[in-house]
Amino acid sequence: MTHANVVRPVYTAVCVRSGDWWAVTVPEVPGVFTQARRLDQVERMAGDAVALLKKVPADSFEVVVTPQLAPDVAADVDAAKELRDTAERYQREATAAARAVATKLVGEYRLTLRDAARILGLSHQRIGQLVGSAPKD
């Protein structure tokens, strides 16, 4: 028996800082207004408000929390996220390169884990992990 994929409605909880609180509206559901001290509380609170006004179960839809920030702060957040993503990409590339050369040093050149570690500036335990996780041909 196959089940059709049911698409759940998605509502946007728009959050604007107001003093020590986040003022929350849901544009798709006029009349929904709530507030929260922290963003991690918004999804539940907005969900409860939407469920109450629409008279539907709170688990029948999704809520996407969207904080609204001043343009300069939003630009700083975007820049920080982009740098983090770039750093993660470079870290994956560095790990792949270290794995390849560690495998070559230990396998082809028959160096000990400690010698390969000394050459690569890593711990011998890390070399063991890299060599142990090398993709098999």
Side-chain angles (χ1 to χ4, degrees):
M1 175 194 263
T2 60
H3 297 284
N5 288 339
V6 178
V7 178
R8 294 168 22 131
V10 177
Y11 299 103
T12 306
V14 177
C15 310
V16 177
R17 197 68 178 163
S18 178
D20 292 339
W21 293 83
W22 288 97
V24 181
T25 58
V26 178
E28 300 91 346
V29 185
V32 170
F33 175 83
T34 189
Q35 59 185 6
R37 286 267 188 199
R38 298 187 323 263
L39 287 174
D40 64 349
Q41 300 169 333
V42 169
E43 184 176 351
R44 181 184 53 81
M45 295 180 82
D48 289 348
V50 168
L52 184 65
L53 278 174
K54 293 192 69 71
K55 296 181 173 63
V56 297
D59 62 356
S60 67
F61 57 88
E62 294 182 39
V63 175
V64 175
V65 177
T66 307
Q68 298 294 302
L69 303 171
D72 59 327
V73 176
D76 289 345
V77 168
D78 290 344
K81 286 179 178 180
E82 186 175 326
L83 287 169
R84 184 190 63 220
D85 292 346
T86 299
E88 289 172 359
R89 187 180 78 249
Y90 281 134
Q91 183 61 51
R92 286 190 302 274
E93 291 175 11
T95 298
R99 178 178 295 113
V101 73
T103 300
K104 189 173 202 174
L105 291 171
V106 172
E108 186 178 327
Y109 292 106
R110 314 288 290 161
L111 297 181
T112 65
L113 295 179
R114 290 182 187 277
D115 284 347
R118 180 76 181 229
I119 290 168
L120 286 171
L122 300 170
S123 71
H124 69 279
Q125 295 94 336
R126 182 64 179 138
I127 297 298
Q129 290 172 338
L130 292 170
V131 172
S133 66
K136 307 293 185 234
D137 291 331

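- Annotation: side chain of Leu111 is in contact with side chain of Ile119 (closest heavy-atom distance under 4.5 Å).
- Considering every non-hydrogen atom in both Ala23 and Phe33, the closest pair reads CB-CE1, 4.0 Å.
- Within the model, atoms CG of Leu113 and CG of Leu120 stand 11.0 Å from one another, a figure rounded to the nearest 0.5 Å.
- Counting non-hydrogen atoms of other residues, nucleotides and ligands closer than 6.0 Å to CD of Glu82 gives a total of 12 or fewer.
- Val14 and Tyr11 sit in two unconnected hydrophobic clusters of ILVMFWY residues. Membership requires side-chain heavy atoms under 4.5 Å apart, directly or through other members.
- For the atom pair Arg99 CZ and Ile127 CD1, the distance stands at 11.0 Å (nearest 0.5 Å).
- Atom CZ of Arg17 has more than 12 neighbouring heavy atoms from other residues, nucleotides or ligands inside a 6.0 Å radius.
- Cluster membership check: Leu105 shares its hydrophobic cluster with Val131, using side-chain heavy-atom separations under 4.5 Å among Ile, Leu, Val, Met, Phe, Trp and Tyr.
- Here the closest non-hydrogen pair linking Val10 and Glu28 is O-OE2, 4.2 Å.
- Across every non-hydrogen atom of Ala13 and Val26, the tightest pair is CA-CG2, 4.2 Å.
- How far NE2 of His124 is from CZ of Arg118: 13.5 Å, rounded to the nearest 0.5 Å.
- The structure places CG of Asp78 at 11.0 Å from CG of Leu83, a figure rounded to the nearest 0.5 Å.
- Taking a 6.0 Å sphere around CZ of Arg84, one finds it holds more than 12 heavy atoms contributed by other residues, nucleotides or ligands.
- Using modelled atom types, one side-chain atom of Ser123 and one backbone atom of Arg126 make a donor-acceptor pair closer than 3.5 Å.
- When every heavy atom of Leu122 is checked against every heavy atom of Ala98, the shortest pair comes out as CD1-CB, 4.4 Å.
- There is no path of hydrophobic side-chain contacts, each under 4.5 Å, that joins Val24 to Val32.
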Distance-only donor-acceptor hits, side chain of residues 39-65, under 3.5 Å, sequence neighbours excluded:
from  : atom 1 : to    : atom 2 : distance (Å)
Asp40 : OD1    : Arg38 : NE     : 3.0
Asp40 : OD1    : Arg38 : NH2    : 3.3
Asp40 : OD2    : Arg38 : NH2    : 3.4
Gln41 : OE1    : Arg37 : N      : 3.2
Gln41 : OE1    : Arg38 : N      : 3.2
Ser60 : OG     : Pro57 : O      : 2.6

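- Residues forming a side chain to side chain contact (heavy atoms under 4.5 Å, CB included) with Glu108 (at least two apart in sequence, or on another chain): Lys104.
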